[in-house]
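Notes for the one structure printed next.
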Amino acid sequence: MGMAMTEKQGGSDLRANISEAKPIDDGAYLLSGHKWFCSAPMSDAFFALARTAAGITCFFVPRAASNGSSNPFMIQRLKDKCGNRSNASAEIEFAGTWARRVGEDGRGIATLIGMAHLTRFDIVVAAAGTMRTALMQALHHAAHRSVFGRRLSEQALMQNVLADLALEWEAALLLAFRVARAFDRALEDEREQRFARIATSAAKYWLCKRNPVFMAEAMECLGGNGYVEEHGLARLYREAPVNGIWEGSGDVICLDVLRAIARDPSSVAAALEEIEEVAREDARIASLSADIARSLKSGANLEGEARRLTERLVLALQASLMRRHAHPTHADVFIAARLGGDGGHAFGTLPPGTPYRAIMEKAWSPA
Ligand SMILES: Cc1cc2nc3c(=O)[nH]c(=O)nc-3n(C[C@H](O)[C@H](O)[C@H](O)COP(=O)(O)OP(=O)(O)OC[C@H]3O[C@@H](n4cnc5c(N)ncnc54)[C@H](O)[C@@H]3O)c2cc1C
């Protein structure tokens with residue numbers, strides 16, 4: 001099943017879509033209009049957005065029409081993309097294309113929001129998973145490559161880089177699993193549902209921001225070989241930015257976090273309560289969490305600070321998850337470097353005294 005929503009003038013702003021849907025006598029519709037991005041155009045069916053008299057509406061578009069004949073679905077061009085090449089993305093045109101309405105007339109965006117929540121969750125898991133793949137490649141290379149007479153994995157500065165990547169991955173994984181648990185329990189636990197509402201978007205934003213820099217650093221661990229196509233890292237590196245763009249680009253996601261807070265303040269309260277339970281034992285988490293609560297209470301218009309707020313919320317959440325579930329040393333180092341101001345802006349800047357080697361070894365076999 002593909003999705004055909006984005007138009008030239010309407011990507012983030014789907015309300016700007018102009019494709020039209022005309023009702024026909026059997027309750028179905030005929031669509032006409034152009035879509036600027038439509039991935040997996042070989043799919044048997046699509047969800048598409050088009051405008052009826054009531055507004056933007058969601059439609060089910062099969063490749064074969066109800067009488068079995070082929071439904072008009074013109075593939076105008078395949079995109080030549082930066083990465084993500086094994087997923088074809090096309091520009092398509094509907095011209096009298098048979099479709100059936102899904103959900104309420106004029107409420108197409110709301111109909112798709114539930115799906116977007118799930119695909120954003122997929123992206124969170126993918127970001128943590130691809131970090132793991134890249135980390136393993138970097139650890140493996142460092143364990144075997146000798147430079148200046150010693151293996152890279154035995155050299156302190158490379159150990160700092162690898163340990164830093166390992167902590168970033170661990171915090172990403174814990175966050176992805178925490179959001180997964182919220183999805184699992186959402187039906188029977190309202191607090192988890194509220195937590196998932198905010199944590200999915202916030203995690204999607206932050207893990208997608210960390211993913212490209214993570215891939216670039218892992219690639220650098222392999223030196224020149226990392227930049228060559230025979231190794232998997234070049235592909236992971238090219239793939240990394242797309243997750244930050246589709247299903248809501250960075251700003252759009254952070255504005256969605258603000259919207260979630262405004263519409264249902266109990267969503268951010270659920271996340272903050274969870275952070276505060278751990279903050280009692282850690283002044284750095286307590287201070288960040290109090291700072292977030294203060295900006296939320298200030299009543300100021302936070303639009304321009306939406307990224308800052310989201311980033312801080314995720315870091316506080318990751319720190320609390322590390323404190324709960326990670327080895328105490330991993331939690332201490334992560335919190336010192338990411339919250340306590342004792343790390344730098346690049347990977348490989350963990351504070352002095354960090355047991356790099358032990359962190360790397362744990363990353364090899366985390367169980
Ligand atoms: C590989 C790939 C596959 C895709 N597949 C599909 C598909 O199958 N179906 C489909 O429908 N779409 C698909 N898309 C489209 C994708 O969902 C959109 O590109 C994405 O939603 C962004 O929309 P846009 O390109 O129109 O960018 P714009 O909406 O023009 O956004 C440009 C930038 O402005 C920022 N921005 C937007 N609004 C605001 C604001 N209010 N304040 C501050 N900043 C803002 C955005 O965050 C972004 O950084 C695909 C895209 C890619 C790259």
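Owing to the predicted nature of the structure, the values given are computational and were not obtained by experimental measurement. Any value given below was found using the heavy atoms of this structure, including those in side chains, with hydrogens, waters and symmetry copies removed.
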Would you check, one step at a time, whether the test salt bridge (Lys or Arg N to Asp or Glu O under 4.0 Å) holds for E20 with K22? CA-CA 7 Å; E20 284 186 353; K22 293 227 159 69; 3.3 Å; yes
Show the numbers, then the answer: is there a salt bridge (Lys or Arg N to Asp or Glu O under 4.0 Å) between R307 and E311? CA-CA 6 Å; R307 280 184 180 230; E311 175 178 323; over 6 Å; no
Run D256 and R120 through salt bridge (Lys or Arg N to Asp or Glu O under 4.0 Å) and show every step you take. CA-CA 12 Å; D256 183 59; R120 286 175 186 175; 3.4 Å; yes
Determine whether E276 and R280 satisfy the following criterion, salt bridge (Lys or Arg N to Asp or Glu O under 4.0 Å), listing intermediate values before the conclusion. CA-CA 7 Å; E276 277 153 20; R280 284 183 213 116; over 6 Å; no
ring-ring contact (aromatic ring centres under 6.0 Å, His included) evaluation trace for F46 with F60: CA-CA 6 Å; F46 299 81; F60 174 80; 9.3 Å; no
Report the C-alpha distance between I275 and Q318 in whole Å, list the side-chain angles of each, state the deciding distance to 0.1 Å, and finish with yes or no for side chain to side chain contact (heavy atoms under 4.5 Å, CB included). CA-CA 9 Å; I275 294 165; Q318 283 187 312; over 6 Å; no
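L321 and F214 sit in two unconnected hydrophobic clusters of ILVMFWY residues. Membership requires side-chain heavy atoms under 4.5 Å apart, directly or through other members. Linking ILVMFWY residues whenever their side-chain heavy atoms come closer than 4.5 Å, directly or via other members, leaves I359 and L165 in distinct clusters. Taking hydrophobic clusters as Ile, Leu, Val, Met, Phe, Trp and Tyr residues chained together by side-chain heavy-atom distances below 4.5 Å, L315 does not share a cluster with W169. One hydrophobic cluster holds both L317 and L296 under the rule that ILVMFWY side chains link at heavy-atom gaps under 4.5 Å. Two different hydrophobic clusters hold F73 and M5 under the rule that ILVMFWY side chains link at heavy-atom gaps under 4.5 Å.
Residues T349 and D164 form a side-chain contact, since some pair of their non-hydrogen atoms from C-beta on lies under 4.5 Å apart. In this structure, the side chains of V124 and N243 stay at 4.5 Å or more apart for every pair of heavy atoms. Between S43 and R63, every side-chain heavy-atom pair lies at or beyond the 4.5 Å cut-off. In this structure the side chain of V333 reaches within 4.5 angstrom of the side chain of P351, judged on heavy atoms. You'll find the side chain of P41 reaches within 4.5 Å of the side chain of L78, heavy atoms only. By the 4.5 Å heavy-atom criterion applied to side chains, T97 and L30 are not counted as neighbours.
Within the structure, the ring pair (Phe, Tyr, Trp, His ring centres under 6.0 Å) test picks out no pair touching residues 229-251 (sequence neighbours left out). Here salt bridge (charged side-chain N to carboxylate O under 4.0 Å, His left out) pairs that include residues 27-40, with residues two or more places apart or in two chains, are E7-K35. Listed by first and then second residue, the ring pair (Phe, Tyr, Trp, His ring centres under 6.0 Å) pairs that reach into residues 8-34 are Y29-F59, sequence neighbours excluded. Residue pairs that meet the side-chain hydrogen bond (donor to acceptor under 3.5 Å, both in side chains) test with at least one member in residues 122-131, sequence neighbours left out, are T130-N211. The stretch residues 198-225 participates, sequence neighbours left out, in these salt bridge (charged side-chain N to carboxylate O under 4.0 Å, His left out) pairs: E168-R210. Here side-chain hydrogen bond (donor to acceptor under 3.5 Å, both in side chains) pairs that include residues 293-302, with residues two or more places apart or in two chains, are D291-R294.
For F334, the ring pair (Phe, Tyr, Trp, His ring centres under 6.0 Å) test picks out no residue, with sequence neighbours left out. R77 meets the side-chain contact (heavy atoms from CB on, under 4.5 Å) test with W36, K79, E91; sequence neighbours excluded. The ring pair (Phe, Tyr, Trp, His ring centres under 6.0 Å) test applied to F195 returns no partner, not counting sequence neighbours. In this structure F121 satisfies the ring pair (Phe, Tyr, Trp, His ring centres under 6.0 Å) test together with F183, sequence neighbours excluded.
Taken from CE in M322 to CG in L174, the straight-line distance is 6.5 Å, to the nearest 0.5 Å. In this structure, the separation between CD on Q76 and CD on E93 is 4.5 Å, given to the nearest 0.5 Å.
For the 3.5 Å distance criterion, the side chains of R197 and S267 fail to qualify, holding no donor opposite an acceptor. Side-chain polar atoms of S19 and N17 form no donor-acceptor pair below 3.5 angstrom.
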Donor-acceptor pairs under 3.5 Å, side chain of residues 102-117 to any protein atom, not counting sequence neighbours: which ones?
residue	atom	partner	partner atom	Å
D105	OD1	T52	OG1	2.7
D105	OD1	T57	OG1	3.2
T111	OG1	R107	O	2.8

Could you give the side-chain donor-acceptor pairs of residues 137-153 under 3.5 Å, partners two or more places apart or in another chain?
residue	atom	partner	partner atom	Å
R150	NH1	E154	O	3.3
R151	NE	A143	O	3.3
S153	OG	A142	O	3.3

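Taking a 6.0 Å sphere around CZ of R308, one finds it holds 12 or fewer heavy atoms contributed by other residues, nucleotides or ligands.
Checked against E229 for a salt bridge (Lys or Arg N to Asp or Glu O under 4.0 Å), the options R235, R238, R85 give a single hit: R238.
Nearest approach of N87 to A40, heavy atoms of both residues: OD1-N, 3.6 Å.
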